[in-house]
Amino acid sequence: MYLGIDLGTSGVKALMIDEQQNVISAASAPLQVDHLHDGWSEQDPQSWIDATRAAIANIASGGTNLKLVRGIGLSGQMHGATVLDSAGTPLRSSILWNDIRSHIEAAKLDGNPIFREITGNIVFPGFTAPKLLWLKTHEPEIFDKIAMVLLPKDYLRLWLTGEYASDMSDASGTSWLDVATRQWSDPLLTTCDLSTAQMPSLVEGTEVSGFLRASIATELGLPAGIPIAGGAGDNAASAVGLGAIHSGHGFVSLGTSGVVFATNDQFSPAPESAIHAFCHALPNLWHQMGVILSAGDSLSWLSNTFEKPTSALLDELGGDLSPPNSTMFLPYLSGERTPHNDAEIRGAFLGLGQMSTRADMTQSVLEGVAFAFRDSLEALKEAGGQPESLSVVGGGSKSAYWVELLATVLDQPCDLHAESEIGAALGAARLGLIAAENADPSDICTPPAVVRQITPNASLRSAFDDTYQIYRNTYPALKGIK
């Protein structure tokens, strides 16, 4: 069997597949995010280890024989700045992907043309490089002690193997990778007063990055010495899980953040559109994606505000897709990436009235997120990366209402798969299988069966098109509100 470990923002998922890629068992353990100030987002790296232990223990408690595991793959949230001293000990909590404190530093780096020239991307505040500049300015005593910078999943790798390593897809989101040549860029690192000595070694997602240490194997109940694959950032891992490994394949990820993803057989940068152009998890592949910072997180925020579970909020909408709500929501709770690249913009409800209900607000949140996805899809089309087909993955894919809304707003059929909410963990497990068995990725990374295709609601498509145009016109009005 093969184990996939996906380090998300809200929890760690562990998933076991057999040699035929049947899902044998899956388990998860929650994580908390610390918001010390508005726009800040941090996690204690030790909590990732604790949650991984718990998720694997939950699999074992269900009767799965962990001694049969032959390989492990990792996936995880991208961009997080995890800074270590010379002993490999974290110097502070990790600054996460949705932390926007370094927007000034990001603008400074982005103003240097070599960053877009070498990485093919805007330097977004959520990327790793500006976070290190922020540390240099605001926590110089920490910066001076940094011996290694790791991304979140790669800190788990260090714990598992003792190796400092990362993969190409995850490294693409640091603003230090030459994405075309798939290697660290000395000029970019030097600009941040860093060097390649402070960066992990790089491997492809399908390659072996290290082997499970005996002490950790004993603790977890796994065989010692089994290989750990390079793995992938969460979206590239989801693509592997969905078999999106050929040009034209794509998906929508409706998780804490939101992504519209398209696979490319060549590096296709388009930074002017705020589209990301990154390495894929497989050799000689790249991908483009538009990113929404608060997708499922917008619904979670509403749930916390009303102290009502998200499932209960969704139940209040009923089963049939409703026409656009008179209330509009702009999902910029943590700023936005595609297409606005605006760390300071904030969300809003528009059109609230005396008769507005909680259900109206829930519906408008779902619609606002769907419109933000269309913003990203339009930018992707302009960059030449329109996917021919779209699968929907992530926790939000469990809501048929939300998926039908997405299909209608995007005017594109959306496919659902049996394991759609655990796509990244499945992709990680597949990468673990490929690394362990030296398997051909094309034989392993096949699309899972479509259990349901949800098509656009033709009777409401025109109404949502009109409302989307209103949505697009609201962004400039928010610019002056801080």
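Among residues at least two apart or in separate chains, there is no ring-ring contact (aromatic ring centres under 6.0 Å, His included) pair with a member in residues 175-227.
Looking at residues two or more places apart in sequence or on another chain, you find a side-chain hydrogen bond (donor to acceptor under 3.5 Å, both in side chains) between His79 and Arg337. When the salt bridge (Lys or Arg N to Asp or Glu O under 4.0 Å) test is applied to Asp144, no partner is found at least two apart in sequence or on another chain. In terms of the ring pair (Phe, Tyr, Trp, His ring centres under 6.0 Å) criterion, residue partners of His249 (sequence neighbours excluded) are, by chain and number, His246. Remark: Arg116 engages Asp110 in a side-chain hydrogen bond (donor to acceptor under 3.5 Å, both in side chains) (not counting sequence neighbours). Under the salt bridge (Lys or Arg N to Asp or Glu O under 4.0 Å) criterion, Asp167 pairs with Lys153, sequence neighbours left out. Lys381 is linked by a salt bridge (Lys or Arg N to Asp or Glu O under 4.0 Å) to Glu378, counting only residues two or more places apart in sequence or in another chain. Residues meeting the side-chain hydrogen bond (donor to acceptor under 3.5 Å, both in side chains) test with Arg182, sequence neighbours left out: Glu204. Considering only residues two or more places apart in sequence or on other chains, Thr119 meets the side-chain hydrogen bond (donor to acceptor under 3.5 Å, both in side chains) condition with none of them. Taking the salt bridge (Lys or Arg N to Asp or Glu O under 4.0 Å) definition, one finds that Asp297 meets it with nothing, sequence neighbours left out. The side chain to side chain contact (heavy atoms under 4.5 Å, CB included) test applied to Ala237 returns Ser75, Ala232, Ala424, not counting sequence neighbours.
Counting non-hydrogen atoms of neighbouring residues, nucleotides and ligands closer than 6.0 angstrom, the CD atom of Glu219 exceeds 12 such neighbours.
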Show me, pair by pair, the donor-acceptor contacts under 3.5 angstrom made by side chains of residues 437-453, not counting sequence neighbours?
unit_1: Glu437; atom_1: OE1; unit_2: Arg70; atom_2: NH2; d: 3.0
unit_1: Glu437; atom_1: OE2; unit_2: Tyr2; atom_2: OH; d: 2.6
unit_1: Glu437; atom_1: OE2; unit_2: Arg70; atom_2: NE; d: 2.5
unit_1: Glu437; atom_1: OE2; unit_2: Arg70; atom_2: NH2; d: 3.0
unit_1: Asp440; atom_1: OD1; unit_2: Ser442; atom_2: N; d: 2.9
unit_1: Gln453; atom_1: NE2; unit_2: Asp415; atom_2: OD1; d: 2.9

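For the pairing with Ile146, the side-chain contact (heavy atoms from CB on, under 4.5 Å) check across Leu84, Asp193, Val83 returns one residue only, Val83.
Ring pair Phe261/His276: centre-to-centre distance not below 6.0 Å.
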